[in-house]
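A short write-up of the structure that comes next.
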Number of protein chains: 2
Amino acid sequence: MSEPELLPILGQPPRERRDAARNRDAVMCAAQQLIDHCGVEAVTMDAVAEKAGVGKGTIFRRFGNRAGLMAGLLDESEAAWQASVISGPPPLGPGAPPKERLLAFGRSRLEANLRHADLLLAAVGADTGRSYAAYSFTATHVRYLLSELGVHGDIALLATAILAPLEVPILRQQTGVENMSIDRIIAGWEDLVERVLA
Amino acid sequence: MSEPELLPILGQPPRERRDAARNRDAVMCAAQQLIDHCGVEAVTMDAVAEKAGVGKGTIFRRFGNRAGLMAGLLDESEAAWQASVISGPPPLGPGAPPKERLLAFGRSRLEANLRHADLLLAAVGADTGRSYAAYSFTATHVRYLLSELGVHGDIALLATAILAPLEVPILRQQTGVENMSIDRIIAGWEDLVERVLA
DNA sequence: TGCTAAACCGGACTACGGTCCGCTTTCATT
DNA sequence: AATGAAAGCGGACCGTAGTCCGGTTTAGCA
């Protein structure tokens, strides 16, 4: 099972220019402040550009589109989470038995998806493959754990089946429309895993 | 192209005015033609308005927003599908054992989701509860079949878990990015159902 | 330091979704 | 038929995402 593409890109393509770096920081800072202050929907490209003291074209050059900008903001917390999965303390990180790791993984992912729901939704369709790369990481990890558990069947599809109920729109529906509690959703997911493993 | 009331509304609110009916048909017709001819993304509100010989405001008055218009277009095929589930021939309709009905239901829903993927994606967020009503129907039916099968556990959550892998974005990912065949996806889903029922 | 090519910048411009409000059509009632 | 009020209509208008391209800055190199 091959390692998913992690954050640091090793190659050293042409170094980033100073003005570019400065502007990128200003943009992400401005966007983050707008989110903290007024929510994700207040993050318009014009507002970010003005707050960052930068032209609108500059933002599109760096991030491709609005979704790309959101993906950029997501990157920090996402990288931290990936790190805790790869090398953090058990049961999320290595060291615990696979099944415990899988259960911890699901809970953790579910909470992360709920915590960053707005941002995740705003980041879908990012041209940058980052958004897909993030999903790819979770899928790869679940496939790895399933194979460790000796599960028989189409591992890739079972991983998808386990991950699908954790997607943001579904969690939104359950918590927002059907008034389910988080605990109930987690319990249901653990039951699902139990049945898939059996 | 007259509007099918999805679920019968009991009251008899004021009848629809003739001009309104005429314009609604013209709008839906124009939108359908644009889809058939140039794809869903060519359905801009301006284009539909011009093709239908109608003001833009008229469309928004009837359909709320673009998603509502898409949901309106979806209604016909969706109603037909619901009818075939409720009163069509087995194994999709009544008469077959619950498990066979469930498997037929999944295959049928998967195919429908793939066939109308663009339209479904464009219809999310429709103000009209119709889009949600459509999902609600599938969820209710699956819950019913699960209870018929005497499944133990949180039926509502198990239904969600079974339905989640059939959602359009996930099918898109599997067929488009991961190059899975439809047959493989169906087989995987049937395996999932088998495990959940066990 | 001076030069050059490439990367970068920024704001005017376009396309689209959605709103607003004065005008028109419809239809129940008389 | 006349009428009046409510439902319907439509296009000008607005905010936002995204594009484009002429001018500017940077970094490597002599």
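Naming: A, B, ... by sequence-line order, numbering from 1 per chain.
Comparing A20(B) and G57(A) along DNA chain D, the residue whose closest nucleotide (by nearest heavy atom) sits nearer the 5' end is A20(B).
Whole-Å rounding puts the D25(B) CG to dC9(D) P distance at 12 Å. L69(B) has its CG atom 14 Å from the C1' atom of dG18(C), to the nearest Å. Rounding to whole angstrom units, CZ of residue R66(A) and P of dG18(D) are separated by 8 Å. Look at NZ on K56(B): it is 10 Å from C1' on dC13(D), rounded to the nearest Å. Rounded to an integer number of Å, the gap from CD1 of I59(B) to P of dG17(C) is 10 Å. Look at CZ on F63(B): it is 16 Å from C1' on dG17(C), rounded to the nearest Å. The CZ atom of F60(B) sits 17 Å away from the P atom of dC14(D) (whole-angstrom rounding). Rounded to whole Å, atom C1' of dT19(C) lies 13 Å from atom CG of D46(B).
Remark: side-chain polar atoms of R143(A) are not paired, donor with acceptor, to backbone N or O of A159(A) under 3.5 angstrom. In this structure, the side chain of R66(B) engages the main chain of V43(B) through a donor-acceptor pair within 3.5 Å. When atom types are taken as modelled, the side chain of T175(A) and the backbone of L171(A) share a donor-acceptor pair closer than 3.5 angstrom.
Taking the ring axis of W81(B) as reference, the NZ or CZ atom of R109(B) stays within 45° of it and closer than 6.0 Å to the ring centre.
Residue N23(B) places none of its side-chain N or O atoms closer than 4.0 Å to OP1 or OP2 of dG8(D).
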I need a per-nucleotide contact map over nucleotides 23-30 of chain C, read 5' to 3'. Cutoff is protein heavy atoms under 4.0 Å; write B for the base, S for backbone only, - otherwise.
--BSS---

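Using a 4.0 Å heavy-atom cutoff across all strands shown, R61(B) reaches at least one base atom of the nucleic acid. Here T58(A) lies in heavy-atom contact (under 4.0 Å) with a base.
Out of dG18(C), dG17(C), dA17(D), the shortest distance to the side chain of N65(B) is found at dG18(C).
Proximity of N179(A) to Q174(A): side-chain heavy atoms (C-beta onward) are nowhere separated by under 4.5 Å. At least one side-chain heavy atom of M70(A) sits under 4.5 Å from a side-chain heavy atom of V40(A).
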Side chain to side chain contact (heavy atoms under 4.5 Å, CB included) between L69(A) and F60(A), intermediate numbers included:
CA-CA 8 Å; L69(A) 173 57; F60(A) 281 95; over 6 Å; no

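Taking the six-membered ring where the residue is Trp, H141(A) and Y144(A) present tilted rings, their angle falling between 30° and 60°.
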Might you list the N or O atoms of the protein lying below 3.5 Å from N or O atoms in nucleotides 2-4 of chain C, with each pair's distance?
none

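The stretch residues 87-100 of chain B participates, sequence neighbours left out, in these side chain to side chain donor-acceptor pair (under 3.5 Å) pairs: K99(B)-E194(B).
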